[in-house]
Protein chains: 2
Amino acid sequence: MTCMTPPRQRSVRRADALSTDRIVEAAIEILDAEGERGLTFRALAARLSTGAGAIYHHVASKEELLTEATTGVIERVLADVPDSATPEEGARAITLIALGMFDAIDEHPWVGAHLPVVPWQPGMVRLFESIGGRLDSLGVPESAQFNAASALLNYILGVAAQNAANARTRVAGAGREEFMAETADRWEQLSPASYPFLHRVARQLRHHDDREQFLAGVDLVLAGLAAGQDG
Amino acid sequence: MTCMTPPRQRSVRRADALSTDRIVEAAIEILDAEGERGLTFRALAARLSTGAGAIYHHVASKEELLTEATTGVIERVLADVPDSATPEEGARAITLIALGMFDAIDEHPWVGAHLPVVPWQPGMVRLFESIGGRLDSLGVPESAQFNAASALLNYILGVAAQNAANARTRVAGAGREEFMAETADRWEQLSPASYPFLHRVARQLRHHDDREQFLAGVDLVLAGLAAGQDG
DNA sequence: ACCTGAACACCGTTCAAGT
DNA sequence: ACCTGAACACCGTTCAAGT
């Protein structure tokens, strides 16, 4: 086979040249594999076969690095959500966004930890627009849309942060099942006089499904929105 | 005046002896004054006129220190909430808990940042019981109480984390008004084609009240609960 | 038993020196 | 212009040595 392209000189090899994209990509890989604590500039530099200082030519700080990684994950979630015209489609789209975020954070727990930390970061803004933009089709009056979108977003953030925390303790210690069983045991041993509620729902904690419970919360807010329209 | 008590010997003075309570108290003072970044074992030791290592005789780690400070703040909030029997009293109690948490986090932003970080920490457990324990009087069926309490708790956590983040950027940079105005400006300049929702609600962002918006979210979940009962 | 504070094993970030 | 990697200014935590 004749060689149509001139042979690359090893010394001018740019395949592994540094770039923001490659840095963020490597950061995501480390975050997924080792967790937030594993992402250090030294580890990142080692993986990219360079010095720690080189990274600062493309990324201003560790916070910016985390923000960019977070934005990337959220963009991917929102890309899949279809348009909506009818109330049914609107409710479905919002559920899809919420579930997409839930699954993304299950896969990348550090997103759940970082999203609430930097206010109005790009990913958050896109998420807010995505949710708010479906409320019209849901029939929510304009004057109520700001509060409604904010309530949905805050609920998602709360679950996100919580799930990220669960994932972190899981890495450090026992698996999910064990952790849930231990917590349920502790609740059952609480005095029914001082902790009637926890004592009662301990059984539910042991067998509940995080994803189902998450959806129930979204439905609760959506039901509140629907009730407000004819109230 | 005759001296009824023997004069204390300076060398046996125990008024400033170290104790977990004094350490947590000092930690809260530093956290409120300097923020999370200001709380270091060196700064804490300096304030308590001791060595950094001494603190480890009373507190196992920085995380435990933050957890104990957080628990203290939450206990104080929950102490003020009255019992409830009627649905109206139940709704009022839940609103009081939520508002109490909102104000406490406004005063101690680090609580909002730490509460979602350690899963099922004591403060969280107390909060969950407090909310769940009012759902009976609200008329929520037992089978729905676990999910309902969890939705309310997660919403509160989301707002808490968000407010803590806002407070942090406020300390670093501009005040709340300026930050809101800047964000609103940015939203108004977004293309109405790509960001119809944000473009539209930018005006509301500039004039909205965080506390009112927080309450609107709680009311939304409560409305959803009420709607579910006859649905 | 409790305290002291130097020491250890790290961090994020900077910056002179190289190419 | 970009990279290198030693150096700086910190951390949380440990631990021999003191009282």
Side-chain angles (χ1 to χ4, degrees), chain A residues 8-28 30-31 33-70 110 113-114 117-118 168-169 171-172, chain B residues 8-28 30-31 33-70 110 113-114 117-118 168-169 171-172:
Chain A
R8 278 183 204 199
Q9 289 169 269
R10 290 262 168 208
S11 60
V12 194
R13 229 184 184 290
R14 289 273 124 193
D16 50 5
L18 229 45
S19 70
T20 305
D21 282 353
R22 274 195 68 229
I23 292 171
V24 172
E25 191 191 339
I28 291 179
I30 293 178
L31 284 164
E34 322 270 351
E36 297 154 73
R37 284 204 42 187
L39 180 65
T40 68
F41 277 79
R42 282 167 181 81
L44 192 53
R47 177 179 275 252
L48 293 165
S49 312
T50 181
I55 297 165
Y56 284 89
H57 284 271
H58 301 89
V59 156
S61 66
K62 188 171 181 180
E63 184 172 291
E64 187 184 300
L65 186 58
L66 273 163
T67 300
E68 256 177 280
T70 299
W110 46 273
H114 190 250
V117 159
V118 178
R168 202 177 318 137
T169 49
V171 168
Chain B
R8 280 184 202 197
Q9 290 169 268
R10 291 262 167 207
S11 58
V12 194
R13 230 187 183 287
R14 290 272 124 193
D16 50 4
L18 228 46
S19 71
T20 304
D21 282 353
R22 274 195 67 228
I23 291 170
V24 172
E25 190 191 339
I28 291 180
I30 293 179
L31 284 163
E34 322 269 350
E36 296 155 72
R37 285 204 41 189
L39 180 66
T40 69
F41 277 78
R42 284 168 181 80
L44 192 54
R47 177 180 276 253
L48 294 164
S49 312
T50 182
I55 296 165
Y56 284 89
H57 284 271
H58 301 90
V59 156
S61 66
K62 187 171 181 178
E63 184 173 290
E64 188 184 299
L65 186 58
L66 273 163
T67 300
E68 258 178 277
T70 299
W110 47 272
H114 190 250
V117 159
V118 178
R168 201 176 319 136
T169 48
V171 169

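Lettering of chains follows the sequences in order, A, B, ..., and the numbering in each one begins at 1.
The CG-C1' distance, from A:L44 to C:dC10, rounds to 17 Å in whole Å. Nucleotide C:dT13 holds its P atom 11 Å from the CG atom of A:L39, rounded to whole Å. The CZ atom of A:R37 sits 16 Å away from the P atom of C:dA9 (whole-angstrom rounding). Atom pair B:E36:CD and D:dC11:P shows a separation of 15 Å (rounding to whole Å applied). Computed from coordinates, the B:L66 CG to D:dT13 P distance equals 11 Å when rounded to whole Å. Distance B:L48 CG to C:dG5 P: 14 Å, rounded to the nearest Å. B:F41 has its CZ atom 16 Å from the C1' atom of D:dC15, to the nearest Å. Whole-Å rounding puts the B:H57 NE2 to C:dG5 P distance at 13 Å.
Among the atoms of the strands shown, none is found under 4.0 Å from any heavy atom of A:L65. Within 4.0 Å (heavy atoms only), B:I55 reaches no atom of the nucleic acid at all.
Look at B:H58 and you'll find a side-chain N or O under 4.0 angstrom from OP1 or OP2 of C:dC3.
Between the side chain of A:R42 and the main chain of A:A52, no donor-acceptor pair closer than 3.5 Å is present.
In this structure D:dG18 sits in a base pair with C:dC2, meeting the Watson-Crick or G-U test at under 3.5 Å. Base pairing of D:dC8 is made with C:dG12, judged by Watson-Crick or G-U wobble geometry with both donor-acceptor distances under 3.5 Å.
B:L44 and B:A27 get closest at one heavy-atom pair: CD1-N, 3.7 Å. Residues B:A45 and B:I55 share a closest heavy-atom pair of N-CD1, 3.8 Å.
Comparing C:dT13, D:dT13, C:dC3 by their closest approach to the side chain of A:K62 singles out C:dT13. The listed nucleotides are C:dG12, C:dT13, D:dT13; the one nearest the side chain of A:T40 is C:dG12. When distances are taken from the side chain of A:A54 to each of C:dC8, C:dG12, D:dC3, the shortest belongs to D:dC3. Closest to the A:R42 side chain, of the nucleotides D:dC3, D:dC11, D:dA7, is D:dA7.
Taking CG of B:L39 as the start and CZ of B:R47 as the end, the distance is 10.0 Å to the nearest 0.5 Å. Here the OG1-NZ distance, from B:T67 to B:K62, works out to 12.0 Å after rounding to the nearest 0.5 Å.
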